[in-house]
There are 2 protein chains.
Amino acid sequence: MPSRRGLTREIIVKTAADMQDQHPAQVLTLKDLAAALEVRTPSLYNHIDNLEELRQEVAIYGAHELADRLGSAAIGRAGDDALLAMSWAYRDFVTNRPGLHLATQRAPRPDQEELMAGAMRVLNMLHRVLEPYGLSEKEQIHAIRALRAMVHGFVSLEQAGGFGMPVDLDESFQYLVEMFVAQVNNRQVSELPTSFKRR
Amino acid sequence: MPSRRGLTREIIVKTAADMQDQHPAQVLTLKDLAAALEVRTPSLYNHIDNLEELRQEVAIYGAHELADRLGSAAIGRAGDDALLAMSWAYRDFVTNRPGLHLATQRAPRPDQEELMAGAMRVLNMLHRVLEPYGLSEKEQIHAIRALRAMVHGFVSLEQAGGFGMPVDLDESFQYLVEMFVAQVNNRQVSELPTSFKRR
DNA sequence: CACTATAAACTAACACAAATAGTTTGACAA
DNA sequence: TTGTCAAACTATTTGTGTTAGTTTATAGTG
């Protein structure tokens, strides 16, 4: 007496993503996922290959979601304004969809093509936004890496509960992003004496 | 015919840490761990409560290892020199012990007391190093959060293979850390026009 | 309007890791 | 020498992922 549910690959991925948001700590099980979809566990295998592939799929979904949000944030903005807006959009993403963000970080194979596609969209946006600052090609890459590291690092530590002090996190984040903005506006600060050399 | 191996909790944790370094991608199983220790799986339960507790223990071990390395790096240094040395020591830790770093990040309960102890040691070091810069108390906290975010974010993205462009990573890392050093030396850059306000 | 092919659900069973229960043994202390 | 106990063991249970094989609802065809 199996009755046809309208199960699709997309529904499964989105439900999995939602479940991870509701309980970011606990690991995703096919049993729970099937229960949420009101289906027996093996039925999932009609739509996905296995658990690892599903995790990868969720990560890809998250990467695109993030790229979409950053794109929206950047629309109609330029320069410092765009950089700040995109940074805040990233942080909002982590706040609103914590489990999805974690799933994207913990992708089984982070280097995979389709997963990189979302990241690439973000990179291209950043390149366009940084264009008018007149950085050298190399410096632009350093700058993009720096911004990604700063924002990603902040939200990851925040999500992991890594910031204990009772000082406003929004303020800290703004401080961080303004540090970056100052750097790309004011290139002479990068000419500081570099006394420390790597051994 | 069970013969007494010199198994201890400490040996188990260190072996688990080593195994994660050798294969950072794959998940730790008690079966493999027991095999590496030339023991049957249930014997591990004489020393640990369960797998989750072991993971937590490995994370704590990693946090202390990191704090030790940062402490060593800072000895005999001050100011910019100390900040740069500690940043590079963090990056070296991730390079040398990638699995241990991941295990520390993915701790079951990142907020737990003993795990925070290592992080606290690092925080105290940073506070002492930043002392002479004459920042306000609040600004000092912002600065520490910023540095942690920058360094942590960079090494995490690097480890996840997040930086694709063929530009030297050491150079990018130096660029990043110098950005921080410039900020704490040159406070007027933080007085930039803040056109973007959070909605 | 039947008839059939197929996708998508199901039940049953297997594989494998974690965890528990209960047993055995080796080393140290009296 | 002997009693005790920590630390190993074997055997078994539980839970999740996965596969095999079966059933059924629906869509398309004559």
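Fair warning: this is a prediction, and the values are worked out from it, not measured in the lab.
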Problem set entry | Between P of D:dA6 and CG of B:L7, the distance in whole Å | 16 Å
Exercise. Hey, does the Lys NZ or Arg CZ of B:R91 hover above the aromatic six-ring of B:F173, less than 6.0 Å from the centre and inside 45° of the axis?
Worked result: yes
Problem set entry | Distance below 4.0 Å between A:H47 side-chain N/O and C:dA9 OP1 or OP2 | yes
Problem set entry | Contacts of type salt bridge (Lys or Arg N to Asp or Glu O under 4.0 Å), residue B:R69, not counting sequence neighbours | B:E65
Problem set entry | Salt-bridge contact A:E53-A:R109 (side-chain N to carboxylate O under 4.0 Å) | no
Exercise. Hey, is the side chain of A:S43 poking within less than 4.0 Å of OP1 or OP2 on C:dC10, counting only N and O atoms?
Worked result: yes
What nitrogen or oxygen pairs link the protein and nucleotides 17-21 of chain C at under 3.5 Å?
{"from": "C:dA17", "atom 1": "OP2", "to": "B:K31", "atom 2": "NZ", "distance (Å)": "3.4"}
{"from": "C:dA18", "atom 1": "OP1", "to": "B:L30", "atom 2": "N", "distance (Å)": "3.1"}
{"from": "C:dA18", "atom 1": "OP2", "to": "B:L30", "atom 2": "N", "distance (Å)": "3.1"}
{"from": "C:dA18", "atom 1": "OP2", "to": "B:K31", "atom 2": "N", "distance (Å)": "3.3"}
{"from": "C:dA19", "atom 1": "OP2", "to": "B:Y45", "atom 2": "OH", "distance (Å)": "2.7"}
{"from": "C:dA19", "atom 1": "OP2", "to": "B:L51", "atom 2": "N", "distance (Å)": "3.0"}
{"from": "C:dA19", "atom 1": "O5'", "to": "B:Y45", "atom 2": "OH", "distance (Å)": "3.1"}

Seminar exercise, completed: Pairs under 3.5 Å (Watson-Crick or G-U), crossing ones as [ ], inter-strand ones as |: DNA chain C comes out as ||||||||||||||||||||||||||||||
Exercise. When the distance from CZ of B:R40 to C1' of D:dA8 is rounded to whole Å, what number comes out?
Worked result: 11 Å
Exercise. Once you round it to whole Å, what is the distance between P of D:dA8 and CG of B:L37?
Worked result: 10 Å
Problem set entry | Side-chain donor/acceptor of B:N46 to base of D:dA8, under 3.5 Å | yes
Exercise. Is the B:Y90 ring parallel, tilted or perpendicular to the B:H152 ring (thresholds 30°, 60°)?
Worked result: perpendicular
Exercise. What integer distance in Å separates A:I11:CD1 from C:dA8:C1'?
Worked result: 13 Å
Problem set entry | Cationic N near anionic O, under 4.0 Å, A:D168 to B:K138 | no
For this session: Could you label the plane-to-plane angle of the B:H101 and B:F93 rings as parallel, tilted or perpendicular, counting under 30° as parallel and over 60° as perpendicular?
Result: perpendicular
Problem set entry | Flag side-chain contact, heavy atom, 4.5 Å: A:D18 against A:R97 | yes
Seminar exercise, completed: note: A:L33, atom CG; D:dT18, atom P; distance rounded to Å ~ 12 Å
Exercise. Side chains of A:S43 and A:N46: do they bring a donor and an acceptor to under 3.5 Å?
Worked result: no
Problem set entry | Neighbour count >12 (heavy atoms, 6.0 Å) for atom CD, A:E10 | no
